[in-house]
Amino acid sequence: MAGMNHRRFAVLAPMREELEAVLALGKTGRRHDILGFEGFELECFRHPVLVARCGVGKVQSAMVAQRVIDEFRPDALILTGVAGALAPDLAPGDAVVARDLMQHDLDCTPLGFALGEVPWSGERVFRCDEALVRDALSATTAHKLREGCILTGDRFVTGSDRACHEHLRSDLAGDAVEMEGAAVAQVCVRNRVPFVVIRTISDRADGSAPEDFSKILPMAAANAAAVTRRILEVE
Ligand code: ADE
């Protein structure tokens, strides 16, 4: 219920533009250095929030997530930012709230594991917290907002990877692709921290992805922050 219990939130964003869109949601306080990335205390709807940049890619984002969990002890974690669309109904600016996430580039299939399976852990698909997903989906936005499956890998997917794009959509049923979500999700699961991943579409993971990405980033980052704001408002 709004304003009743002021849970501690951590909000991570890979890039500076995405971070700044989140910082605009509240009153910024103390600055922290988190493994070389900037983090800021923020008050938003009376929640104490730590907003941190986590860098691009699985390793950087996972290490920042672990450090933030250790030092700030959040009750819940939100990862926000942009993604490339895989589903044909998603256009630039649209938002996808992850129902589940998987690492599409974790491939130990020669050893008998399923694609994306973290060997000997039983982990493959990471599910976001249901209440946080529901909160995020209740945001009012000018663009489409829906839940979906987000795929994560250390690779920016473009038109030169037509086979990769097809594989992510047809074989893995991904709605959007990015480079941090499932890694941060795994850290949250191991630490038993409820989490949600919110992504807005910056490009179609095709031939014009690199140009679209830079052009659309500010608008997409603002939309992702608006969905994040809704969670903080209703929690
Ligand atoms: N993030 C935004 N667009 C992306 C793409 N095309 N591939 C991977 N991550 C992305």
Side-chain angles (χ1 to χ4, degrees), residues 11-22 37 52-62 64-65 78-107 115-116 126 128 136 141 143-186 195-228:
V11 180
L12 304 187
M15 288 181 299
R16 231 171 235 121
E17 292 84 347
E18 297 160 333
L19 181 84
E20 276 161 15
V22 176
F37 291 110
R53 187 159 66 91
C54 64
V56 171
K58 296 196 297 184
V59 173
Q60 301 200 99
S61 57
V64 169
I78 302 167
L79 172 69
T80 177
V82 298
L86 298 170
D89 70 301
L90 291 173
D94 292 348
V96 180
V97 179
R99 177 185 55 249
D100 40 47
L101 304 110
M102 197 189 90
Q103 298 180 63
H104 68 77
D105 62 347
L106 179 46
D107 184 357
L115 185 62
F126 298 96
C128 292
T141 57
H143 291 80
K144 180 181 283 185
L145 168 63
R146 71 164 174 87
E147 68 175 348
C149 168
I150 291 183
L151 300 175
T152 303
D154 279 325
R155 168 179 201 171
F156 188 89
V157 178
T158 69
S160 59
D161 298 325
R162 204 59 230 166
C164 174
H165 190 295
E166 283 301 316
H167 161 68
L168 298 179
R169 178 66 193 150
S170 310
D171 303 334
L172 302 180
D175 292 302
V177 61
E178 39 83 302
M179 303 176 67
E180 299 82 21
V184 170
Q186 187 179 2
F195 68 95
V196 65
V197 177
I198 297 161
R199 293 291 191 174
T200 43
I201 301 304
S202 58
D203 61 86
R204 292 184 188 279
D206 60 7
S208 48
E211 301 87 69
D212 290 348
F213 174 79
S214 321
K215 234 184 327 179
I216 293 162
L217 179 61
M219 181 268 273
N223 287 353
V227 179
T228 302

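Whatever order the structure lists ligands and atoms in, that order sets their numbers, starting from 1.
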(message) I need the minimum non-hydrogen distance between Arg199 and Val82, along with the two atoms involved.
(response)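 Heavy atoms only, the tightest pair is NH1-O, 3.0 Å.
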Identify, for [atom], the protein heavy atom at the shortest distance, and state residue, atom and that distance.
atom                    : result
atom 7 (N) of ligand 1  : Val157 N, 2.9 Å
atom 8 (C) of ligand 1  : Arg155 O, 3.4 Å
atom 10 (C) of ligand 1 : Val177 O, 3.6 Å
atom 4 (C) of ligand 1  : Phe156 CE1, 3.4 Å
atom 3 (N) of ligand 1  : Asp203 OD2, 2.6 Å
atom 1 (N) of ligand 1  : Ala83 CA, 3.7 Å

(request) Rounded to the nearest 0.5 Å, what's the gap from CD on Glu17 to OG on Ser202? Could you check? (result) 11.0 Å
(request) State plainly whether the residues Glu20 and Arg16 are in salt-bridge range, i.e. N to O under 4.0 Å. (result)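 Looking at Arg16 together with Glu20, the answer is no, because their closest N to O distance does not fall below 4.0 Å.
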Under 4.0 Å from a heavy atom of [X]: give me the atoms of ligand 1 that qualify, with their elements.
X      : result
Phe213 : 2 (C)
Met179 : 8 (C), 9 (N)
Ser202 : 2 (C), 3 (N)

(request) Report the part of Ala205 in contact with ligand 1, treating N, CA, C, O as backbone and CB onward as side chain, heavy atoms under 4.0 Å; options are side chain, backbone, both, neither. (result)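 Both of them.
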(message) I'd like to know whether the aromatic ring centres of Phe213 and Phe156 sit less than 6.0 Å apart in this structure.
(response) yes
(request) Any chance you could lay out the side-chain contact (heavy atoms from CB on, under 4.5 Å) test for Leu90 and Lys144, step after step, and finish with the verdict? (result) CA-CA 8 Å; Leu90 291 173; Lys144 180 181 283 185; 4.2 Å; yes
(message) Here's a test for you: under side-chain hydrogen bond (donor to acceptor under 3.5 Å, both in side chains), which of Thr200, Asn223, Asp94 qualifies with His143?
(response)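 Filter result, single survivor: Asn223.
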(message) Consider side-chain hydrogen bond (donor to acceptor under 3.5 Å, both in side chains). Of His104, Glu178, Gln103, which one does Thr152 pass it with?
(response)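 Only match with Thr152 under side-chain hydrogen bond (donor to acceptor under 3.5 Å, both in side chains): Glu178.
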